[in-house]
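Here is the structure we will look at, set down as C-alpha cells.
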Amino acid sequence: MESIQNAFENVQERRSALGRQYQFWVDRTIPFTNQRWMSFAGLLSVFVIRILIVRGWYIVCYTLGIYLLNLFLLFLSPKFDPSLEQAMRDEETEEGVLPTTKDDEFRPFIRRLPEFKFWYSSTRATVMALAASMFRIFDIPVFWPVLVVYYFVLSFFCFRRQLQHMLKYRYVPFDIGKRRFSSR
C-alpha cells in the first residue's frame, strides 16, 4: 500500500513540475504580441489546409469557428456592460460604467476577454481541433455548405448586434484613431 502511495506522490510531483515549466514558457510569450498572433495564424492555416486536403472533419472545423467567433465577441465587449448603467447608478457603487456625458469621469475601455487570454484560448482550441482531425471518430458526415451558410449568417447577426451596441454606447475597443502622446 505504501508503494502505491509513493508512486502516486511521484506522479503528482512530476505533473506539478511539468505544469510549472509549461507556465514558465507560456509567461515568456506575453511581450511578443505580433509573434504570438503570427504563430496562431500559421497554426490555423495548417488546420484549414488539412481540412481542405482531407475533405473531412467539417463539424470540427465548424465547432472551432463558432468558438473563435465567441472569443472574438468577448474580446470586443467591455468588461462592464454600459447597458446596465442605470441599474448600477441606482446602487451605491458606480464602478466600471462608461461615461455618457462630458461631466462623467473618464474610464478607459477594459475588455471582457484580455488579448493574451484571447490568443491563448484560440491557440489551445486550434491545437485541440487539429488533434481531433487526426481521429476518424470525429469525422461526422455532414452537408458542409449548410454549416458554412449558417456560420456566416450567425456571424453577421452577432457582429451587427455588437456594432449597434458599440454605436449606442459610443465606445471603440481598438486604439485605431486614438490620440497618442509621446514622452520626451
Side-chain angles (χ1 to χ4, degrees), residues 15-83 96 98 108-167 169 171-178:
R15 182 177 175 198
S16 178
L18 287 172
R20 282 192 306 274
Q21 185 143 14
Y22 173 75
Q23 191 61 46
F24 170 77
W25 286 107
V26 168
D27 290 344
R28 288 195 58 170
T29 65
I30 290 175
F32 305 106
T33 306
N34 292 337
Q35 292 84 352
R36 282 189 284 120
W37 283 105
M38 288 187 327
S39 67
F40 169 71
L43 184 64
L44 190 62
S45 298
V46 167
F47 175 73
V48 169
I49 290 169
R50 171 158 172 71
I51 295 299
L52 292 174
I53 288 174
V54 298
R55 297 182 191 270
W57 288 274
Y58 297 120
I59 200 78
V60 173
C61 187
Y62 174 74
T63 304
L64 177 64
I66 293 294
Y67 183 72
L68 293 179
L69 174 68
N70 183 37
L71 288 177
F72 187 62
L73 289 173
L74 287 174
F75 177 71
L76 292 178
S77 300
K79 185 172 185 174
F80 305 104
D81 192 359
S83 63
L98 294 174
F109 182 80
I110 301 171
R111 298 180 187 285
R112 185 171 290 171
L113 182 68
E115 181 270 334
F116 181 78
K117 288 184 180 181
F118 177 37
W119 169 80
Y120 186 69
S121 298
S122 300
T123 303
R124 281 183 48 190
T126 306
V127 166
M128 285 192 282
L130 194 58
S133 72
M134 302 294 176
F135 299 102
R136 214 14 124 186
I137 193 168
F138 297 114
D139 189 14
I140 300 168
V142 293
F143 187 59
W144 65 268
V146 171
L147 291 180
V148 171
V149 169
Y150 182 67
Y151 178 79
F152 283 119
V153 168
L154 183 66
S155 297
F156 172 76
F157 285 117
C158 288
F159 283 126
R160 188 181 80 183
R161 188 187 71 208
Q162 185 68 33
L163 185 61
Q164 287 173 342
H165 193 268
M166 289 166 58
L167 292 174
Y169 295 104
Y171 64 90
V172 179
F174 302 109
D175 292 338
I176 299 170
K178 291 185 180 179

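In this text, all values refer to a predicted model and were calculated from it rather than measured experimentally.
Taking CG of L154 as the reference point, atom CG of L69 lies at 6.0 Å (rounded to 0.5 Å). With rounding to the nearest 0.5 Å, the separation of OH in Y67 from CE in M128 is 6.5 Å. Here I59 contributes atom CD1 and L64 contributes atom CG; the two are 12.0 Å apart, rounded to the nearest 0.5 Å. Going from atom OG of S155 over to atom CZ of R160 covers 13.5 Å, rounded to the nearest 0.5 Å. Once rounded to the nearest 0.5 Å, the distance linking CG of L113 with OH of Y120 reads 13.5 Å. One finds the CZ atom of F75 at 10.0 Å from the OG atom of S122 (value rounded to the nearest 0.5 Å).
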Test log, rule side-chain contact (heavy atoms from CB on, under 4.5 Å), inputs F40 and F118: CA-CA 11 Å; F40 169 71; F118 177 37; over 6 Å; no
T33 vs R36, side-chain hydrogen bond (donor to acceptor under 3.5 Å, both in side chains): CA-CA, chis, key distance, verdict: CA-CA 5 Å; T33 306; R36 282 189 284 120; 3.3 Å; yes
Chi angles and distances behind the side-chain contact (heavy atoms from CB on, under 4.5 Å) call for W119, S39: CA-CA 10 Å; W119 169 80; S39 67; 4.2 Å; yes
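Using modelled atom types, no side-chain atom of R112 and backbone atom of L74 make a donor-acceptor pair closer than 3.5 Å.
Shown here are the side chain to side chain donor-acceptor pair (under 3.5 Å) partners of N34, two or more places apart in sequence or in another chain: there are none.
Two residues are said to be in side-chain contact when any heavy atoms from C-beta on lie closer than 4.5 Å; V54 and D139 fail this criterion. Using a 4.5 Å cut-off on side-chain heavy atoms (C-beta onward), F24 and R20 make no contact.
The local environment of CZ in F116 is crowded, with over 12 non-hydrogen atoms from other residues, nucleotides or ligands closer than 6.0 Å. By the 6.0 Å contact criterion, CH2 on W37 is enclosed, its count of non-hydrogen atoms from other residues, nucleotides or ligands being greater than 12. Shown here is F159, whose CZ atom has more than 12 heavy atoms of other residues, nucleotides or ligands within 6.0 Å. Sparse packing is recorded around CD of Q21, with 12 or fewer heavy atoms of other residues, nucleotides or ligands lying under 6.0 Å away.
Here the shortest heavy-atom pairing between V60 and F138 reads CG2-O, 3.8 Å.
For residues 40-66, the set of pairs meeting the side-chain hydrogen bond (donor to acceptor under 3.5 Å, both in side chains) definition, not counting sequence neighbours, comprises R50-S133.
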